[in-house]
Amino acid sequence: MEDILTVSNLTMHFENKDLFDDLSFSLPEGSMTALLGANGTGKTTMVNILLGMQTPTNGSVKFAKGAKVGYVPQFRNIDEDYPLSIRSFIELNAPFFKRRSKHIRRHINHILKDTNLTKIQNTRMGEASGGQKQRAYLAQALLDHPDIIILDEATASLDPMAKEELMTLIQHLNHKHKMTVFFVTHDIPLAKKYMKNYLLLKNKSVQFGKIEDLQEEAIG
Amino acid sequence: MFSYAFMRYAFLASTFIAITCGVVGVYVVARNFSFLAHTLSEIGFAGAAFAVFAGIQPLWGMLIFTLLGALGVGELSKRTDQKESSISAVSALFIGLGVLFLAISGSNSRYATSILFGSIIGVDRQGVTQLIVLSIVVLAITAAIVHPLNFDSFDHIGAAAHHINSAWIGVVFLLLMAMSVSIGSQVVGSLLVFILLTLPASTAQYLGRTIGSMIIWSVSLALIGVWAGLYLGYLTNLPVTFFISIIEVAIYLGVYLTHLARK
Ligand SMILES: Nc1ncnc2c1ncn2[C@@H]1O[C@H](COP(=O)(O)OP(=O)(O)OP(=O)(O)O)[C@@H](O)[C@H]1O
Ligand SMILES: [Mg+2]
């Protein structure tokens, strides 16, 4: 199977800190990979580099030709007074004057159904639960028709039920739409349950393997 | 009432200004820029005072000062961690300058009053045209950048993840705010222009759940305020600005308290 992402010799040094050195790995199309690592090992920085939002000290990032990337960031600033409904929040990612068009409305309705948000689409984001918000963030990214979706700590603040619901949804996207999943987390049991491969950031380098071969205490 | 030309002019100009401030206000509130609206209106006060001193129209003095001030404040808040205190310092400087310009221009206190508290009843035909043209310019620019402006104002992080250039949007929006402050001051005065830019939009946040409906609420409330204000001012001979502010505050409090009660 072809690779959707190829990373070669990636190095990231900050003035006062060397984050990682000479990382190389690739993600096959349709794969489900967990990016693991302790706090501060550079997972978010790596994602930012993949997305072109930060420039690496050295190395290259290559996506397959025409591959579209969806991204769900680690943090969002949505407080409890946030006024927009879940649907309007998702629609921020659609052109303002075209979002009433039949084609886009149908796409949004479809995504709402996939992410199980149809019934609560008019609830304010500020009043939604953590799990509902996280699904709305994912839904907003799905509007880009991604071939690969990158999620940064999407389950970090969720209760066990909401975690399972989100992971089932991600699994469904992979099965049904052949979407490649790149899932950043430090929750090893969760990764073992839902992902197929892992990348482990540790000691400035990366280990790669099948998720069933990963040791539970590997991160520390 | 409409048999007087000055009342027709006042209504026409106020209508456009209320629409503009209502629309821009939605983004002022979403971006948490209420504090900046105050600063810009103080810079606008200095600009109008400078215009009186230099013998040009107050509106132009305001526009020049607020546009330059917006760029300066934007630059300043990028460079400092102590945003609020540095912006306070800028306000203090400009209020001081405004007082100085008024004093050395030897103008009477009528000028100061109309700059601070508004003078829409005195607007002439040329003034109306200027205000309408400026309103249309602000609305047209807003429409041209509506997608990135919406995304950046309501989901800054999501916008950044989509490579939207938020620094650029930020600068354009500050310029839009500067123009709105300048024209809004012509109705309610620079001391109270923040009312038109923040209260209807804050109220709209409780009433609407989409950007479109928030804009409609915000504009409607701004229009109700200025129309009723002009009418009551005409009836009673009391200041229009007084009526506009109590109307907007009353609506805001009413909606806010209802919202609290329902929680
Ligand atoms: N621009 C920067 N300049 C200097 N240091 C930085 C910069 N960006 C990140 N760092 C540092 O690099 C390290 C890695 O940060 P990063 O956010 O990538 O970690 P992470 O693995 O995502 O952590 P977490 O699990 O907490 O999300 C941190 O120690 C951070 O302080
Ligand atoms: Mg991180």
Side-chain angles (χ1 to χ4, degrees), chain A residues 44 47-48 50-54 68-100 104 108 120-128 133-134 136-144 146 149-154, chain B residues 23 25-34 139-167 169 198 200-218 221 252 255-256 258-260 262-263:
Chain A
T44 297
V47 167
N48 286 341
L50 297 185
L51 293 161
M53 287 160 56
Q54 264 178 288
K68 290 204 253 351
V69 185
Y71 167 47
V72 184
Q74 181 172 8
F75 300 107
R76 237 17 188 267
N77 39 3
I78 304 287
D79 60 18
E80 60 181 28
D81 289 330
Y82 187 84
L84 292 187
S85 69
I86 287 177
R87 187 184 180 104
S88 323
F89 175 81
I90 296 167
E91 282 177 341
L92 286 173
N93 193 20
F96 188 73
F97 293 112
K98 282 193 208 147
R99 69 180 50 151
R100 300 259 164 267
I104 291 186
I108 292 172
I120 51 161
Q121 57 178 295
N122 294 321
T123 304
R124 285 179 198 266
M125 272 298 271
E127 290 159 8
K133 272 190 221 145
Q134 204 55 244
Y137 303 151
L138 175 59
Q140 195 196 61
L142 292 178
L143 214 54
D144 296 320
I149 183 101
I150 301 177
L151 300 112
D152 195 350
E153 306 274 8
Chain B
V23 172
V26 167
Y27 300 99
V28 172
V29 172
R31 299 173 81 92
N32 264 323
F33 275 5
S34 303
L139 292 173
I141 297 175
T142 307
I145 61 166
V146 69
H147 175 68
L149 181 63
N150 282 348
F151 212 159
D152 189 58
S153 305
F154 285 91
D155 182 16
H156 179 65
I157 294 171
H162 284 86
H163 301 277
I164 282 173
N165 187 338
S166 67
I169 290 294
T198 58
S202 302
T203 313
Q205 284 216 330
Y206 294 111
L207 299 171
R209 290 168 187 230
T210 66
I211 298 175
S213 64
M214 276 164 34
I215 287 177
I216 290 171
W217 275 113
S218 175
L221 296 175
Y252 175 79
V255 171
Y256 176 68
T258 321
H259 171 80
L260 279 192
R262 255 196 260 148
K263 253 192 172 175

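A note on names: the letters A, B, ... follow the listed sequences, proteins ahead of strands, and every chain is numbered from 1. For the numbers below, each heavy atom of this structure counts, side chains included, while hydrogens, waters and symmetry mates do not.
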Within this structure, what is the CD1-CZ distance for the pair B/Ile211 and A/Phe89, rounded to the nearest 0.5 Å? 11.0 Å
At a heavy-atom distance under 4.5 Å, which candidate from A/Met125, A/Arg76, A/Gln140 has the highest pair count against chain B? A/Arg76
Report which part of A/Tyr82 has an atom under 4.5 Å of a heavy atom belonging to chain B: side chain, backbone, both, or neither. side chain
Would you indicate whether the side-chain heavy atoms of A/Asp144 and B/His162 approach each other to under 4.5 Å? yes
What are the two closest heavy atoms between B/Met214 and A/Leu84, and how far apart are they? SD-CD2, 4.3 Å
Which distance, rounded to the nearest 0.5 Å, do you find between the CD1 of B/Ile157 and the CG of A/Asn77? 4.0 Å
Please look at A/Pro95 and chain B and tell me whether the side chain, the backbone, both or neither of the residue comes under 4.5 angstrom of a heavy atom of that chain. backbone
Contacting region of A/Ala94 [heavy-atom separation from chain B under 4.5 Å]: backbone
pair B/Asp155-A/Asn93: side-chain heavy atoms closer than 4.5 Å: no
Per-residue contact mode, B/Leu207 against chain A (heavy atom under 4.5 angstrom): backbone
Starting at CD1 of A/Ile78, measure out to CZ of B/Phe154 and round the result to the nearest 0.5 Å. 10.5 Å
